[in-house]
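Notes for the one structure printed next.
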Amino acid sequence: MSAGDSCHNLSAVSEPATGQDSEGRSLRHYVALVGPPNAGKTTLFNRLTGLRQKVANFPGVTVEYHVGKARSSGGREVFLIDLPGIYSLQPRSEDEEVTRDVLTGAKADLGTPDAVILILDATNLHRHLLLAAPILSLGLPTLVVLNMADDLEARGGSVDAAALAAQLGSPVALISAATGLGVQKVEQFLDGSSARPHAAAKRVELPILQDLPGCRRWAGQIGKQSDYRAPDPPLWTRRLDGLFLHPVAGPLGFLAVVIAVFQAIFSGAKPLMDGVENWITVSGEALAPLIANDLLRGFLIEGIWSGVGSVIIFLPQILLLFLFIGILEDSGYLARAALIADRTMAFVGLQGKAFIPLLSAYACAVPAIMATRTIENKRDRLATILIAPFMTCSARLPVYLLIIAAFIPDRPLLGPLLGTQTAAMLGLYVLGFLAAVGTAQLLRSTVLRRQQSVFVLELPPYRMPSLRSLGLRLFDRAIVFLKRAGTVILTVSACLWILAHLPYKDGKPPQLEHSYAGQIGHIVEPAIRPLGFDWKIGVGLVTSLAAREVIIGTLGTIYGIENADKDSVSLQEALKKDLSPAGAAALLVFFAFAMQCFSTIAVVRRETGGWFWPFVQFFYMSAFAYISAWGTYILLDH
Amino acid sequence: MQLTFNKQTDLPETTVPDARRSLVDLRCGQTAVLESLDVADDLSRRLMELGFFPGGDVVAAGCAPGGDPRVYRVDGSEIALRTETARQLKVRAGSIRGDVPSKSNSGLP
Ligand SMILES: Nc1nc2c(ncn2[C@@H]2O[C@H](COP(=O)(O)OP(=O)(O)O)[C@@H](O)[C@H]2O)c(=O)[nH]1
């Protein structure tokens, strides 16, 4: 299972259509979407492809791309490849290198694109036109999309698209990807884009690409001749920055946002969660009588249904977390957070840009580790990859939620905003963060010693996140989550149930304790007894090596079997009988630090180009987790 | 905050000799003309791609809580730089102008 597969695939989109050129080289028909960061590339891609997209990887390199099917105005299907956001074609980062290779046809398995859609921010035209020169000089049929037309107009700017098209020798479409205004012009372009060969574009004078000041003068002239009127400064952005970057209000505001998110995850998702849980219990009970065979019924209901069901319950919370992260990211606030964090990050030898992957590691370490590509310094990047799995990812969330709900009574701490459970949860998030920071410090003073790196970050204007993009993101995550519940967790639950019913003695399944599953638990028990865990938790720890949340499914199955004859006993109740409060705390600490995730190991291997770093990371984190859990248990167990 | 005044305000209170002034010497709200980028080639290209061109205007827009990194407004974008980088971006002698917002435009027409 490669990491890309486990966390990203959406609906089935086949690869771009293939053909052969005269030299027998494989050729694919597709249109490439390029643009600088924050031009609205993702928004346009989502609008053109909707649900018909997926994430793919360039073979051999670590850069991923989105590929999707768009429908042209004439009803044809066109493959669209969304390339990483870049400032230039000078290969200075991996993103830029890949983009250049794709556009020049150096990626043999893809071939040159049939056409290029260059998306630029119309509210910042002069600077964005800097990218137009190298792209247009490629000589591919190109549509220049000027995005954010709505914002340009609202802020009193304007541009003559037809004049610009004449200047550039390429069609120009002034659109708003967020509102959909003018998007049909892009679809019309797609209609003609795969008909090769193209009418040769009109020759236009392009500046010498090496001469950046010259390129900028060229952009200024082009702008002038297309009557470009730059918009007024974004007043709202200035006002909000006055607040969010304020020496006192800024950091406090950040803290308030984080607390509110967690409180919402706890209380806001509760009714939804209860609903899902209820539905799972009721449907399980309703299905049970329909299955005549006792053994089969046990397998399906106690084994699979309670295993998978106990994980699915957490879907609402996970989606809520991704909703908040999506809003922070799309609104432009994340860049400010990186700015605020830079000083602190510099203190541990990292830079503010590392903050963005680290924050998205709160959702999942796999995309976070991929996002480290924007860090240009190799050592910074490696350090960020190595500490990212300490950040509390969403797979830990169900484990934390279950144990906290079972062992910590909910009392208000600071009025209605902060309850004890929320505080415990926040504490665990802080714990993961501290472990990451400490590890970064350790790396800096040992293997990754180096000079200070440079920090250059663009602060985009604040923008209203588009509901469509947020929706697609949530849909994507829901699919990933359910897929995992339906594959990894289902398989583990099924295997576990079988292992729990073998070997047969006297034609009867054994007691749980004496089954194979029980035996595995008993084998690991001596090692985990000092942490306050019994053999049942041991089985959970073994299965959770694959993915953290699997422990819940496992415990769901184990207790499901154990309590098959009783009225449904909730997982929380069952857990309370087997685990002391000190043991529960130790378990939380263990999960905060251990690297229990195959996908992460796979992605670290790919991004670092070998087994060495994932190996070191796995053993470091496991040892760290074990020792900390042990310490916690000794400290709390009187 | 109005930044479009072309009023040349000299600031005698700064002790740094004009020739060595850099972006760090701009106070919030002040504008200056960028003279040179005394940084490695790669970084210099990156900064130009983001709008820092010799001869162009740079406005000091603010800073992170704590004073570092600083935020500059160039060519339609806002870019954050650490102080150590900003210090290497020199400004043209005598080109610093504009008001500091604290004594904001009071008394002006
Ligand atoms: N007002 C406005 N906002 C837009 C438009 N297109 C994108 N955005 C917003 O700009 C932000 C950045 O867009 P995104 O697609 O993530 O940019 P990317 O970095 O180029 O992929 C998001 O918050 C979008 O909602 C547009 O046409 N008008």
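These figures come from a predicted structure and were not determined experimentally. Proteins get letters first, then strands, A, B, ... in listed order; numbering begins at 1 in each.
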Residue pair P69(B) / F455(A): nearest heavy atoms and the distance that separates them = CG-CE2, 3.5 Å
Name the region of L43(B), side chain, backbone, both or neither, that has any atom closer than 4.5 Å to a heavy atom of chain A.
-> side chain
Taking L212(A), L459(A), L339(A) one by one, which has the highest count of heavy-atom pairs under 4.5 Å against chain B?
-> L212(A)
Structural part of V39(B) lying under 4.5 Å from a heavy atom of chain A | neither
Part of S77(B) lying under 4.5 Å from any heavy atom of chain A = both
Which residues pass the salt bridge (charged side-chain N to carboxylate O under 4.0 Å, His left out) test with E49(B), sequence neighbours left out?
-> R92(A), R46(B)
May I ask you to name which of V74(B), D68(B), L47(B) has the most heavy-atom pairs under 4.5 Å with chain A?
-> D68(B)
R239(A) atom CZ: more than 12 heavy-atom contacts under 6.0 Å = yes
Counterpart residues, ring pair (Phe, Tyr, Trp, His ring centres under 6.0 Å), relative to Y72(B) (two or more places apart) | none
May I ask you to check whether over 12 heavy atoms, not counting those of E35(B), lie within 6.0 Å of atom CD?
-> yes
Side chain from CB out, backbone as N, CA, C, O: work out which of these in N124(A) comes under 4.5 Å of a heavy atom of chain B, or both, or neither.
-> side chain
Rounding to 0.5 Å, atoms CZ (F53(B)) and CZ (R127(A)) come to a distance of 9.5 Å
Engaged part of D121(A) at the chain B interface, taking heavy atoms whose separation is under 4.5 Å | neither
